[in-house]
Amino acid sequence: MVRSTVKELINSKDFDRDVLLKGWVRTRRGNNRVAFIAVNDGTSIHNIQVVADMESFPESVMKRVTTGSSIAVKGKLVQSPGKGQNVEIQAGKIEILGDSNPETYPLQKKGHSFEFLREIAHLRMRSNTFGAVFRIRHAAAFAIHKYFNDKGFYYLHTPIITASDAEGAGAMFRVTTLDLENLPRDEQGQIDYQEDFFGRSTNLTVSGQLEGELGALALSAIYTFGPTFRAENSNTPRHVAEFWMIEPEMAFYDIHDNMDLAEEFLKFLISYILENCRDDLDFLNQMVDKGLLDRLGFILENRFERTTYTEAIEILRKSGQKFEFPVEWGLDLQAEHERYLVEKHYKRPVILTDYPNEIKAFYMKQNDDGRTVRAMDVLFPQIGEIIGGSQREEIYEKLVGRMQQMNIPEKELWWYLETRKFGTVVHSGFGLGFERFLMFITGMSNIRDVIPFPRTPKNAEF
RNA sequence: UCCUCAGUAGCUCAGUUGGUUAGAGCGGCGGACUGUUAAUCCGUAGGUCGAAGGUUCAAGUCCUUCCUGGGGAGCCA
């Protein structure tokens, strides 16, 4: 007999047929006459109830049906006479696939703190919340590929190991095969990286953007979606050392095309999750974050307001609102400022453009005013910035000028600069931190709870 | 890295101005119960009080250092 999943069975109306179910026991209730076994196989947030007449099964088997054990059940799918579920399985045969000692199995039927579950990350996916989170994580990843593929973008695999440490996006992890106990030295006593695997110093990537631009300037539109590494000693609910990032780059797109894409992309992802993960979202909305569904609706129902950084500073200064951090032209906006603009002033998502060049990266398109660049930040309620991007500087001389000002070594990025020498075009792109997006769409408040096995300072367990 | 709060049973926590043998709920185990819904009721076991050092007649409680975790800040996605 073919195994049916919980997802198939709980939605089925084809009753009184024989089915085969395999899964893990979540809870067990009952008395000496009848046992109610809640089984979950990860295909749904819901469990299916297996009903077993105690006298039909040997005690030696029923004793082993404990929380966490894996079982196979052959039985009849029937309409449930009890409240709380539509269908259940009247068990005909129960086989224990794998025992689970109830005295040592750490997951109980009562709720656990996320902090505790993080310590048992190898088992936490068996809990309701983490099952929901990781089903949504999958759906979001799939939706990202679907969106870009349907739009004619190419998925470009930018390198994970990079020799460039000029990207300026934070501290990097070194990649080496040198013997750390016995490092080769040159005449000056410096470490001799010519002896290293690549013949030079290499690191894990902090961004695929620069290589992504090379792809866009050949294939018209590309996106990257891969792991990214930051060796910063950041201990916050919003940072991990290894995370996933989505970075589209588009030739012939100016800043306005870029904003259009970002808005359409985010709305598509949210609609896709709402359509395909409704049960999981309902669960999270009820158990984790009561404002979740309203907030997702808020994004879908509103056109993103577009304005400039300079205008935003004016609004904040005139607001009469007391902020913890100062509001002044030239300073970066804090999350509290971004949230005020979105939640109080515009009451809709906001895209800010034209930031002071001093607080933005070297590759951003310089405006004619000489002091702002064509950056764009997409701001969401609750979290502030969710997407950061820009039109890129395509004029060789201007780009080099900026690199010199900011002490970015031109020699190392010769390949990046050559794209501005040979057939340069207007182009744009942006970056979306995948886990930051997942926090928004699941309502989870710690980034370590939206990635299966988080890497943070002093923690690389699992 | 800085600031701050916390660490007591498998989990979530209480524990008085330092004072006898460290408690509860849940979970586990045993029992009762004819369809349960985080079942209910009765009973029961379970502790290196994060680690090391110190003060004291006496430390879960006070002091020092360290470790781990939460929140905030910085860095940033």
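Here the closest non-hydrogen pair linking A:Glu249 and A:His427 is OE1-CD2, 3.9 Å. The shortest heavy-atom contact between A:Thr43 and A:Val6 is OG1-N, 3.5 Å. Taking each heavy atom of A:Ala375 and A:Met364 in turn, the nearest pair found is CB-SD, 3.4 Å.
You'll find the ring centres of A:Tyr155 and A:Tyr223 inside the 6.0 Å limit.
Distances shown here put every side-chain N or O of A:Lys458 at or beyond 4.0 Å from the OP1 or OP2 atom of B:C66. Considering only side-chain N and O atoms, A:Asn31 lies nowhere under 4.0 angstrom from the phosphate OP1 or OP2 of B:U34. Within the 4.0 Å cut-off from OP1 or OP2 of B:G28, not a single side-chain nitrogen or oxygen of A:Asn101 is found. The side chain of A:Arg33 contributes no N or O atom lying less than 4.0 Å from OP1 or OP2 of B:U34. For B:A39, one of the phosphate oxygens OP1 or OP2 lies less than 4.0 angstrom from a side-chain nitrogen or oxygen of A:Lys109. The phosphate of B:U37 has neither OP1 nor OP2 within less than 4.0 Å of any side-chain N or O from A:Arg28.
In this structure, A:Phe229 and A:Phe173 have perpendicular ring planes: the angle between them is above 60°, well past the 30° mark. Ring pair A:Tyr253/A:Phe153 is perpendicular by interplanar angle, where above 60° counts as perpendicular and below 30° as parallel.
Nucleic acid contact class of A:Gln90 (heavy atoms, under 4.0 Å, all strands): base. If you check every strand for non-hydrogen atoms under 4.0 Å, A:Glu88 touches a base. A:Arg118 comes within contact range of the sugar-phosphate backbone alone, with a heavy-atom separation under 4.0 Å but no base atom that close. Residue-level contact check: A:Pro81 touches the bases, meaning some heavy atom is under 4.0 Å from a base atom. Residue A:Thr236 is classed as a base contact, given a heavy-atom separation below 4.0 Å to a base. Across all strands, A:Gly111 comes closer than 4.0 Å to base atoms (heavy-atom distances). If you check every strand for non-hydrogen atoms under 4.0 Å, A:Glu119 touches nothing. Across all strands, A:Asn446 comes closer than 4.0 Å only to sugar-phosphate atoms, never to a base (heavy-atom distances). If you check every strand for non-hydrogen atoms under 4.0 Å, A:Ile447 touches a base.
The separation of B:C42 from B:C33, taken at their P atoms, amounts to 16 Å, rounded to a whole angstrom. Nucleotides B:U21 and B:A58 place their P atoms 14 Å apart, quoted to the nearest Å. Atom P of B:G30 sits at a distance of 44 Å from the matching atom of B:G72, rounded to the whole Å.
Spacing between atom CZ of A:Arg26 and atom P of B:U36 amounts to 23 Å, rounded to whole angstrom units. Taking atom CE of A:Met54 as the reference point, atom C1' of B:A32 lies 14 Å away to the nearest angstrom. Between the CD1 atom of A:Ile387 and the P atom of B:C76 there is a distance of 19 Å, given to the nearest Å.
Here the options are A:Thr307, A:Leu379, A:Asn302, the test is side-chain contact (heavy atoms from CB on, under 4.5 Å), and the partner is A:Tyr346; only A:Thr307 passes.
Looking at A:Gln108, its side chain comes within 3.5 Å of the base of B:G10 through a donor and an acceptor atom. No N or O donor and acceptor, one from the side chain of A:Glu232 and one from the base of B:U1, sit under 3.5 Å apart. With hydrogens and angles ignored, no donor-acceptor pair closer than 3.5 Å exists between the side chain of A:His112 and the base of B:C11. The base of B:U34 is not paired with the side chain of A:Asn32 by any donor and acceptor separated by under 3.5 Å.
Taking the side chain of A:Ser113 as heavy atoms from C-beta on, and the options B:A73, B:U12, B:G71, the nearest nucleotide is B:U12. For A:Glu103, taking side-chain heavy atoms from C-beta onward, the closest of the listed nucleotides B:C29, B:A73, B:U1 is B:C29. When the nucleotides B:U12, B:G35, B:A39 are ranked by their closest atom to the side chain of A:Val34, B:G35 comes out on top.
A:Trp329 does not carry A:Arg317 over the face of its six-membered ring by the limits of under 6.0 Å from the centre and within 45° of the normal.
Listed by first residue number, the stems of RNA chain B with at least three Watson-Crick or G-U pairs below 3.5 Å are B:1-7 with B:67-73, B:10-13 with B:23-26, B:28-32 with B:40-44, B:50-54 with B:62-66.
No more than 12 heavy atoms of other residues, nucleotides or ligands lie within 6.0 Å of CZ in A:Phe142, so this atom counts as exposed by the packing criterion.
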